Amino acid sequence: MSQRTEKILAQMSIDEKIYFIEQITTATFVPSLKRPNIITGPDSALKLDKELIYEVGTTLNLIGAETMIEAQDHFLAHSKSKRALVFMQDVIHGHRTLYPINLGVAASFDRDLARELAQMAAKEASLDGIGVTFAPMADLVRDPRWGRVMESSGEDPYLNAEMARATVEGLQGDMGKYNIGACVKHFAAYGAAEAGRDYNTVDVSERTLREYYLPAYKSAIDAGVKMVMTAFNIIDGVPCVGNKHLIKDILRDEWGFDGVVISDYGAFDEMITHGASENQKESAYLAMDAGCDIEMMTSCYAHHLKELIEEGKISEAQLDKSVLRVLDLKEELGILDNPYRSVSPEEAKRVQLSPEHRALARKGAEQSAVLLKNNGVLPFDKEVGSVALIGPLGATGEIHGSWHCGGKAEETVSVYEGLKNLLGDKVKYAQGCQIEYDSEDTSLFDEACQLAKNSECVVLCLGEHQDYSGEGNCRASIDLPEVQYKLLERILEVNKNVAVALFTGRPLAISRLDKLAPAILNMWMPGTEGGSACANLLFGEVIPSGKITMTFPRTLGQCPIYYNHYTTGRPKLEQDDLKRVPYTSSYIDAPNSPLYPFGYGLSYTSFEYSDYKLSGTVMRAGERLIASVKIKNTGKYRAREAVQFYIRDLKGSCVRPVKELKGFEKLELDIGEEKTVTFEITEPMLRYWTRNMRHESEKGEFEVFIGKDSTCAPFAKFELI
Ligand code: BGC
């Protein structure tokens, strides 16, 4: 809080203050859109006052520098107080230049890359006048049915925390006017929706919340994130937006967050639908009492806060606090000095989708891709005489991801274009089948098989449409459609030199594909330069180095399946995985192990891990141990490797996960090159939410692991004394 913002606050009437913390759509203030405004149009249900809407502090979602200027002009011309708007917008995996979905970026295991990509997004968005993005999404996820796993960085709290921090640093960092504010979401545990169904019930214990779900939000806060968005779901029976334990006790009091808290879209009214609030007035009370500053796209504050203050249920001081937080945010963003901030239609044209940004998006897609299987067909030889590109995702730009924000399919490089740019006219395309998950149409098979037969190698683009993941897009079946398998089988009859390029917004249960396909390169939803990246990876211009951060199940029945689970009292031994062992924690009709474990991903080269060392066998608080390993590139290509470091706490006052990621490093090694990688172990890294309901370490034994993926074996033990 500054003298300046306090002074502004002192000039505001109570009605102005209340409207100031309402958030409505930017479109309301853009006359050229000819969109009926909020008074008469579709938003009229909000029943907002036609003068006071010009006192709102923030708006959401609408892209374009000219549009922003028009909105700010219009707003300031009509506003009595002339307090400029802050424009907020979802910028999730890029703004105009899209990079891979966040689940892909996490697979790069590369913090610097995540930071660089966020910087690019911030720069493009700032030039469109955006002040804050609703990112990073830091929700831990375990259920691939949930459509929003694509926005997350996966199932591991440490990795999620690292990615959230890198993203906040990139968005808010050191680019001056090109930075934008970040808003971590969805607080809390939105990713734990039961049965992977969006907006569904979340029921996690305080321990699970603390250990698994909260660390990534906390990490964003420690990195200085400016805002927090509450989640749609309930926690312990209370919707997050009105959840005092979450917002007041944990976020404000325990973590000391004094930035802006915003609800998710329409969440105030949803408290009524949840059955947690009687009416809008109660919703306003519950949210304000819990500490939610901005109401997004409902009008409970506008209609009831004054009354609640008059009745003494909410104090004006509480309202003032929220208003001040938003004013402080505006000051920090520079909007008090310049309502137009960094908006620049000319510069936006130069910078957005510039060759440099496209190159970075391509790098992002290349580093995110995960080679899931390779029987030796990959990399294909660039000198081949003919390439068949087949599949419903082969010649479309609709592979850039479902949070496309300002990105467009027609600006996205399809795999067809990517291959043609790399290889020229020897690439021919046939669609083969339709992308709809319920399509049974085989009428295009013959043409595709003919092409496959006449070509030296086949790139088969399979998977799911980009709109099958993302908000509200949950799936009850996560295998490929039967028609895609049939197409693959038919193609294999005429050509075995086949690689599948897989496009997906989630882990899929593709055991059958794993059996059938000679090679599988998972591209996720790779963004604007997806097709170029795919071509480069398939033809060995770039060596795959991504590793999955969310487990791929063998079958949906194993879900939720994640590497950092507890052991149970009757674990099934790993060596018995394929056998039936009665009365162990297992299935009679499926192994316990996943198809591809957390941290898994192949390369065209090979890496040898040797000389594992731990610097000591005992450690006291304040001391440190060093774990190290030598890694040698023993293959034929210069390549990158994500080295992973795990610890297991063997016994605790509460049971501990079988393994926890505690560090990772992305190395680049030349052919024959060897490097030593070290990881530090300190006492704070061993803390967890103990039986005392505190973050603390407990004395005892710990196992140490370094490896290529989460299945690596322990190589040493130490004791915390
Ligand atoms: C989503 C948020 C998003 C908001 C604003 C909601 O439906 O859950 O993630 O930021 O809309 O677009």
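In this text, all values refer to a predicted model and were calculated from it rather than measured experimentally. Every number for a ligand or one of its atoms is a count from 1 in the order of the listing.
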For ligand 1, indicate whether the residue Arg148 contacts it via side chain, backbone, both or neither (heavy-atom separation under 4.0 Å). side chain
List the closest protein heavy-atom neighbour of atom 10 (O) of ligand 1: residue, atom name, distance to the nearest 0.1 Å. Asp90 OD1, 2.6 Å
Is there a salt bridge (Lys or Arg N to Asp or Glu O under 4.0 Å) between Arg111 and Glu116? Walk through the geometry before answering. CA-CA 9 Å; Arg111 303 165 178 93; Glu116 246 185 303; over 6 Å; no
Are any of the N or O atoms of Glu151 closer than 3.5 Å to those of ligand 1? no
Relative to ligand 1, is His186 under 4.0 angstrom through side chain, backbone, both or neither, heavy atoms considered? side chain
For Asp236, look at atom CG and say whether over 12 heavy atoms of other residues, nucleotides or ligands are found less than 6.0 Å away. no
Looking only at non-hydrogen atoms, find the nearest pair between His95 and Gln352 and report the distance. CD2-NE2, 3.8 Å
Closest protein heavy atom (residue, atom, distance) for atom 2 (C) of ligand 1: Asp264 OD1, 3.3 Å
Starting from the C-alpha separation in whole Å, work towards a yes-or-no answer on ring pair (Phe, Tyr, Trp, His ring centres under 6.0 Å) for Tyr54 and His74. CA-CA 9 Å; Tyr54 290 98; His74 173 87; 5.5 Å; yes
What is the ring orientation for Phe232 with Tyr199, classed by angle as parallel under 30°, tilted 30 to 60°, or perpendicular over 60°? perpendicular
Asn279: which residues meet the side-chain hydrogen bond (donor to acceptor under 3.5 Å, both in side chains) condition with it, sequence neighbours left out? none
Looking only at distance, does Tyr265 have an N or O less than 3.5 Å from an N or O of ligand 1? no
Polar atom proximity, Lys185 to ligand 1 (N or O, under 3.5 Å): yes
By ring-ring contact (aromatic ring centres under 6.0 Å, His included), which residues pair with Phe503, not counting sequence neighbours? none
Taking a cutoff of less than 4.0 Å between a non-hydrogen atom of the residue and any ligand atom, is Met229 in contact with ligand 1? yes
Quick check: Glu471 and ligand 1, any N/O pair under 3.5 Å apart? yes
